[in-house]
2 protein chains.
Amino acid sequence: MNGVTIHQVAEAAGVSASTVSNVLNGRTDRMQPATLARVEQAIEQLSYRPNRAARMLRTGRIQVIGLIVPSVANPFWGALARELEAVALAEGYHVLLCNSERDPARELKYGEELLADGVSGVVLCSSLPSLDHVTPLLKRGLKMVAFDRAAQAGDPPSLASISVDNAMGAELATRHLLDLGHRRLAFVSGSVNSVNRRERLRGFRSALEEAGIDPAQGVVWPGAATSEFGDKESAELGRSAARELLSAPEPPTGFVAINDMCAIGVCRGARDAGLSAGREVSVVGFDDILLAELFEPPLTTVRQPLPEMAAETFQQLRAHIESTSGAGRSLLIRPRLVVRESTAAAPVGGLGAR
Amino acid sequence: MNGVTIHQVAEAAGVSASTVSNVLNGRTDRMQPATLARVEQAIEQLSYRPNRAARMLRTGRIQVIGLIVPSVANPFWGALARELEAVALAEGYHVLLCNSERDPARELKYGEELLADGVSGVVLCSSLPSLDHVTPLLKRGLKMVAFDRAAQAGDPPSLASISVDNAMGAELATRHLLDLGHRRLAFVSGSVNSVNRRERLRGFRSALEEAGIDPAQGVVWPGAATSEFGDKESAELGRSAARELLSAPEPPTGFVAINDMCAIGVCRGARDAGLSAGREVSVVGFDDILLAELFEPPLTTVRQPLPEMAAETFQQLRAHIESTSGAGRSLLIRPRLVVRESTAAAPVGGLGAR
DNA sequence: AAACGCTGGTAAATCGATGCAGTGAGGCTA
DNA sequence: TAGCCTCACTGCATCGATTTACCAGCGTTT
């Protein structure tokens, strides 16, 4: 342990502990400059650091936020964790890491622990359709912001939500394929009932409609009835989707994948079928994970601007922490299409012409 | 805040706070079963959770460990973070996440903060050749274990180190290529002076020697003089290494890459040169990140058994926390070669025959 | 000169859990 | 029955920072 207490500082500066406390907490406005200087010098000399436990015991709060993600082994969540930690650190907060594995029970358990730990707030990354399981925590005073999940009707009012505009992202992706001349499009989703999936599917359909194509023409690959959410599963799903869709009559030439891992799987499935992404078929991903740029071919994808989103998330959470007022403000961040090499002009006459 | 204190529990159970404290801390041996039951029931009914701040103020310790990684956005560190968090959680510890960006100054600053926070211990993931910058922390009583860095002569004696046997891993990789008939081998390293790189290079050379090949025959690509360590940089470096090496006279046919991202870059560089990994050239990676299996071609690589390593790391750290004795035990974990499709028999006559 | 307000501080109570020293009841020995 | 133990708990000081209550000193007002 460090061992230097506020009293030792007070003694060294020739003042009382209260005065040192006032300095530490910025209540220096009505203070003699000389006293202030003495205290600051004493703090410096003893290299005093306030004991967080004692501080928290009084204030009931600690400069720590909890981050609950499905799994930080997933590159998207890893990248978020890094960004959020950087923002938090700059504001004097530390980040406690929790991997929920997308299990509501674990999300709840983590929430309870974090509450008991006295964390200032929690960023919950959960795309479960309902967040009812955490309302007891909110009632008990836990400050929370939901990330990567747009606000839903019926959500607890005190819960702010930060998310990319999933519908817009899918629209951007779909429109890009349409602009390249693709007319047979497929929407490949690697996960079951999440809010994001529904939104992206909605964007896909509305882009088709806007282009005068019957949305029913868009092929939707619903995914197997798997409960697995991992990267490997996403990629495998994309692969089998591509293989199956491409061996059907009138196969699609453009693919909108639910995320980048799924898009990678689609590219591999296309190769299995003797076609290649960026030539005969076009594939658009979602997220723009680091790998998207490194893959062969480099993926055209919808970028979630993580640094900006992380900063917004933290600001929302802090606003929530500092104010006692209830309602949280929700934000939809505008995504951006990053065009790389997995998309190209549609082959003349479609794949039937090969 | 929760609001339920130990005194309320005590009152509800009709005992003193001390007795509740005894129950909480497992000192139940001399206790009447009936009393124990009453206390436990009261805890249950009030859904009481001990206030960690108060507990820490008394004991000076908190059930939290710090994890300092270069960047959790890197899939390897993300995977470790997840494994370690799982192990820690099972033992009742939480994990505080820190991204050092491989900056010794940041490592030190995080260490100081963690010490002030009263964390039980820290896992430091740093492959810097010297850990001198953290010795002041160790002196001040911080319990620390180094991960992914074999113990070095001159390391502080109280520092345990957990690492894969890097030399053995590189030997496995190299021997595999030799067994496939490759005779012109290159060692491609994407990073500068780290302990791991040196060890892996040593393994590469000793495998050559063992096969009766002059180690000087092995081409070592030293990497550009970059200070960047990111994934993107690793991959880019692999790519330019492959392009350059393959356009030289008598190009190598087998590549040992410093890690999987670098191996992926080498594969792309080979393609740039009109060759493909798993056919004309063979590439072995290191780490076995998730992506290794998903890449095209799936990478042959040296696996670091992360779950096992994470478990060992945590056990070492806890031993260190619980005992006051100084010396830490260091461990070298045996890696395993995972053969996939990026390696194949050497082309007859080498690449000159094409 | 008494009453009042303001300044620049101090002393002491407080937060909740911990763990040692202590206590009373009951049992056992001599 | 006095003396001594053991059992099974309780009382209380303690950790370090915060914060409330308070006070002395000084100038101003009435």
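Just the heavy atoms: all of them, side chains too, but no hydrogens, waters or symmetry mates, feed the values below. To find a chain, count down the sequence lines: A is the first, B the second, and so on, and within it residues start at 1.
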*Parallel, tilted or perpendicular: which describes the rings of B:F76 and B:F147, with under 30° parallel and over 60° perpendicular?*
tilted

*Between atom CZ in A:R58 and atom C1' in D:dA17, what is the gap in whole Å?*
8 Å

*Considering only D:dA17, D:dG11, C:dA17, which nucleotide approaches the side chain of B:I6 most closely?*
C:dA17

*Could I get the full list of side-chain contact (heavy atoms from CB on, under 4.5 Å) partners for B:S18, not counting sequence neighbours?*
B:S16

*Calculate the interatomic distance between A:Q63 atom CD and D:dT18 atom P; express it in whole Å.*
11 Å

*Take the protein atom CD1 of B:I62 and the nucleotide atom C1' of D:dC15, then report the distance between them rounded to whole Å.*
14 Å

*On a plain distance test, is the side chain of A:T5 in donor-acceptor contact with the base of D:dA17 below 3.5 Å?*
no

*Is any N or O donor-acceptor pair between the side chain of A:S18 and the base of D:dT19 shorter than 3.5 Å?*
yes

_Does a side-chain N or O of A:Y48 approach OP1 or OP2 of D:dA17 to a distance below 4.0 Å, or not?_
yes

*asked:* Under 4.0 Å, counting only non-hydrogen atoms across every strand here, what does B:V15 touch: a base, just sugar-phosphate, or nothing?
replied: sugar-phosphate

*Test: A:R149 and A:D155 ion pair at under 4.0 Å*: yes

*Can you check the A:M31 CE to C:dG8 P distance for me, whole Å?*
10 Å

*Can you tell which of D:dC9, C:dT18, D:dA17 lies closest to the side chain of B:L24?*
C:dT18

*Nearest listed nucleotide, side chain of B:P50, among C:dA17, D:dA17, C:dT10*: C:dA17

_What I want to find out is whether B:E113 reaches A:R52 closely enough, with some N-O distance under 4.0 Å, to be called a salt bridge._
yes

*Does any N or O donor sit under 3.5 Å from an N or O acceptor when you compare the side chain of B:R55 with the base of C:dT18?*
no

*Measure the distance from CD on A:Q32 to P on D:dG25 and round it to the nearest whole Å.*
16 Å

*A:R38 CZ to C:dG9 C1', straight-line distance once rounded to whole Å*: 11 Å

_Strictly below 4.0 Å: does A:R30 bring a side-chain N or O up to OP1 or OP2 of C:dT7?_
yes

*Five-pair end axes of the helix from C:dA1-D:dT30 to C:dA30-D:dT1 and the angle they enclose, rounded to 10°*: 70°

_Short N-O contact, B:E112 and A:R49, less than 4.0 angstrom_ = no

*asked:* Looking at A:S71 and A:N99, would you say the former's side chain and the latter's main chain have a donor-acceptor pair under 3.5 Å?
replied: no

_For a quick test of reading the model: is some side-chain N or O of A:N22 closer than 4.0 Å to OP1 or OP2 of D:dT18?_
no

*Is there a donor-acceptor contact under 3.5 Å from the side chain of B:S47 to the main chain of B:E44?*
no

_Is the phosphate of C:dA17 approached by B:N25 (side-chain N or O, under 4.0 Å from OP1 or OP2)?_
no

*Given atom CG of B:L57 and atom P of C:dT14, what is their separation to the nearest angstrom?*
17 Å

*Taking all atoms of both residues into account, what is the closest heavy-atom pair of A:I68 and A:S100, and its distance?*
CG2-CB, 3.8 Å

*Taking only N and O in the side chain of B:T35, is any of them less than 4.0 Å away from OP1 or OP2 of D:dC9?*
yes

*asked:* Which nucleotide wins on minimum distance to the side chain of A:T19, given the candidates D:dA17, C:dG9, C:dT18?
replied: C:dG9

_Pairwise 5' ranking along DNA chain C for B:R27 and B:A53, keeping only the more 5' one_ = B:A53

*For B:R52 and C:dA17, give me the distance from atom CZ to atom C1', rounded to whole Å.*
13 Å

